[in-house]
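See structure below.
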Amino acid sequence: MKLSHLIALLTVAATPATLGAAAETAPETASSGARKNLARQHLGSKLFAYDSGSQTYITTEAAAAWLDDDVTTAWPPQTGKSYYMLELSEPQLMTNFEISAKNSEGTVSIFAGDEPVKPGAESWKPVARDMSIASINEAGMKNSFSRFAKYLLIETDTANPQPWYSVYVYGNRDAASYSMEKRSEKIDAGKTFGPYLNDQTTFSYTSLYAGSEAGSQRNAIDDNPETSVNLPAGEALPIAFGQTRSVDRVAVLADASAKGRLDLFLPEGAASAAPDLKEASPVATLVFDGSSDRSSIEFPTAKADSLVARWTPDDGSQPLTVREINSFGNASVETYAVNAAPEAIAELTADAEMAYNDTTPADTTYDYSYDGKEVADYSDGKQVLDYADSKKTLMDPIAEFLPSKAPFVPGNLGFPPKLPPNEIPLSN
C-alpha cells in the first residue's frame, strides 16, 4: 500500500541492535487489563456527521480516521458546534468515552440513544455535557457512566478545530474476549461501510483481539492511549503475534518530547516474544525529533511471528513512553472480522436484561424482534434504515447522568474521491 501526506516524516535506517526488556509505567487491572474499544470499524461501527441543511446524517471522512486502528491517521471536527453520530453494530453497554487529538480548545458533549434522530430530540439521553476537549484527550472521563444503547451522539464545539486521531468508547467487555477471525463469506466493504474506510489500517496485529501478547508491557497494545509502558534507553519492547503475520506498516504513539530512533525488528520463527536478534538489522526505523508524539512508516512486506521495537535516544539516556504501537498488513474487513467469544455474547444478553431490572414493571414485556427490515446498503449511494413495519421497542433510560461542568489532511490511505452525500433518514 502507498500512503502520502503522513503526519510525521520518517527515516528508514539499518543498524544492528541488542535487545533488553521494558518496564511498565501504568498499572494493570484484572484479566487482560483492557476493555475493548467499541468505536472501531472492524466491529461494524459506523460514523455519520449531521448535516443541518438537509437535516440528515451523512457519511463523513472522519470515519476513516476516527474508527481505524492507526494512531497517526486523523481528521478534524467541523468548526463551531457540530454533531457526529456513532452507530454500533448492536446495542452495547457503554461506560466511558475519550478521544485522542491534538490539543485544542473547545468542548464535547455526548448523548446515548436507541434511534437515529436529529440532535436535540428527547430520545437522546445526556451522558455528559460541555466536557473540555483537554479533559478527555487521551484520558477517560473521571466519572464513568452506564448506558445500554446502539447510538452515541457526539457534540463538538470548537472555534479552532485540530486533528482527532481516534474515538474510544468502552464498555465492560474485556478486549481479550474478542478475536480476529476470517469471515465465512467475503463482504463488499464499500457497500457495508460507505466510501470512507481505511481498510489497510482497520486491524492492528499488535492488539489483544488479534491474539498478540506483550507480557507485562500489555499497555502498549490495549487500544487505550491513557495507559503506557516505559522503554529505557537501549532496551526493547517485544510483542508476540501468536501466529505468523505479513506486516508492512507500523504506527506508534509515544512521548512528544522524545528525541531518538525506534528500530523495528520483525523476526520469523522466534520461539518467544523476545528472540535473540544480536545479529539482526531493523526492517525500518521511526524517528522522533521532539516535535511530535506520533510516527508511522511503511516498508516492504515482511513475514514475522513477533514485533520488537528498540529505543535509542539522541542523548543516550532519555526513556521513551510508548502509549500505543500498531502494526498492519493484508487483513481487510472484506475477509476478516472481530467477533466476541460465546461467553462475551452471553454477557451482552445479561447486560440487556440488567438494563431493565430497576426501571421495568414486573408485567412489562419487550419485543426485540424485527418483523420489518433494517438495511445498510450503500450500493445506490444511500443508506436506508427502515423500521416502518418493525415491532422494535425503544429502550427506556436505565440511569441518570450528571452533567460535567484550517482543515487537516490525513494520510491518504486509499480515501476515495468525494461522492454525493450518503444519507441516513431520521426516525420520526
Side-chain angles (χ1 to χ4, degrees), residues 1-4 6-23 70-72 200-201 204-207 210 212-215 217 220-221 229-255 258-290 292-331 411:
M1 75 189 139
K2 178 70 175 176
L3 308 186
S4 59
L6 291 177
I7 293 168
L9 293 178
L10 309 163
T11 304
V12 177
T15 349
T18 56
L19 305 175
D70 192 320
V71 292
T72 64
Q200 304 102 312
T201 56
S204 173
Y205 295 142
T206 41
S207 61
S212 286
E213 180 55 65
Q217 302 159 70
I221 61 172
V229 300
N230 189 52
L231 195 58
E235 297 192 1
L237 172 63
I239 304 168
F241 291 140
Q243 60 181 282
T244 300
R245 300 288 193 186
S246 295
V247 184
D248 57 17
R249 176 176 171 83
V250 170
V252 174
L253 171 60
D255 184 356
K259 294 183 179 181
R261 70 179 192 272
L262 191 66
D263 292 322
L264 305 173
F265 302 83
L266 287 164
E268 186 178 11
S272 69
D276 183 4
L277 298 177
K278 291 181 180 179
E279 304 301 323
S281 296
V283 297
T285 295
L286 295 174
V287 174
F288 289 86
D289 61 5
S292 176
D293 56 358
R294 300 168 197 271
S295 192
S296 59
I297 193 167
E298 291 182 9
F299 43 82
T301 300
K303 288 188 176 181
D305 301 310
S306 60
L307 167 67
V308 183
R310 182 181 69 99
W311 170 241
T312 303
D314 287 350
D315 67 1
S317 62
Q318 183 184 24
L320 180 69
T321 300
V322 179
R323 298 186 179 278
E324 287 296 314
I325 182 166
N326 314 133
S327 61
F328 307 97
N330 57 2

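- In this structure, the side chain to side chain contact (heavy atoms under 4.5 Å, CB included) partners of Asp314, at least two apart in sequence or on a different chain, are Lys259.
- Once rounded to the nearest 0.5 Å, the distance linking CG of Asn326 with CG of Leu253 reads 8.5 Å.
- Side-chain contact between Glu235 and Pro319: absent, with no pair of heavy atoms (C-beta onward) separated by less than 4.5 Å.
- Of all non-hydrogen atoms in Ala309 and Leu231, the two that sit nearest each other are O-CD2, 4.0 Å.
- Counting heavy atoms from C-beta outward, Phe328 and Gln200 have side chains that stay 4.5 Å or more apart.
- Among all heavy-atom pairs drawn from Ala236 and Gln217, the shortest one is O-OE1, 3.9 Å.
- Closest non-hydrogen pair, Phe299 versus Val247, comes out as CE1-O, 3.4 Å.
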Can Val250 and Leu266 be said to form a side chain to side chain contact (heavy atoms under 4.5 Å, CB included), step by step? CA-CA 11 Å; Val250 170; Leu266 287 164; 5.7 Å; no
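- Among all heavy-atom pairs drawn from Val71 and Arg294, the shortest one is O-NH1, 2.7 Å.
- Salt bridge present: Asp70 and Arg249 bring a charged side-chain N and a carboxylate O closer than 4.0 Å.
- When every heavy atom of Phe265 is checked against every heavy atom of Ser281, the shortest pair comes out as CE2-C, 3.6 Å.
- Take Thr206 and apply the side chain to side chain contact (heavy atoms under 4.5 Å, CB included) test, not counting sequence neighbours, and it matches Ser204, Ile221, Ile239, Phe241, Leu307, Ser327.
- Pairing each heavy atom of Asp263 with each of Arg261, the nearest pair is OD2-NE, 3.3 Å.
- For the atom pair CH2 (Trp311) and OG1 (Thr321), the distance works out to 10.0 Å, reported to the nearest 0.5 Å.
- Between the side chains of Arg245 and Ser212, not a single donor N or O lies within less than 3.5 Å of an accepting N or O.
- For Ala220, the side chain to side chain contact (heavy atoms under 4.5 Å, CB included) partners at least two apart in sequence or on another chain are Val229, Leu237, Val322, Ile325.
- Considering OG1 of Thr285 and CG of Leu262, their distance stands at 8.0 Å, rounded to 0.5 Å.
- Expressed to the nearest 0.5 Å, how far CG of Asp255 lies from CG of Leu320 amounts to 6.5 Å.
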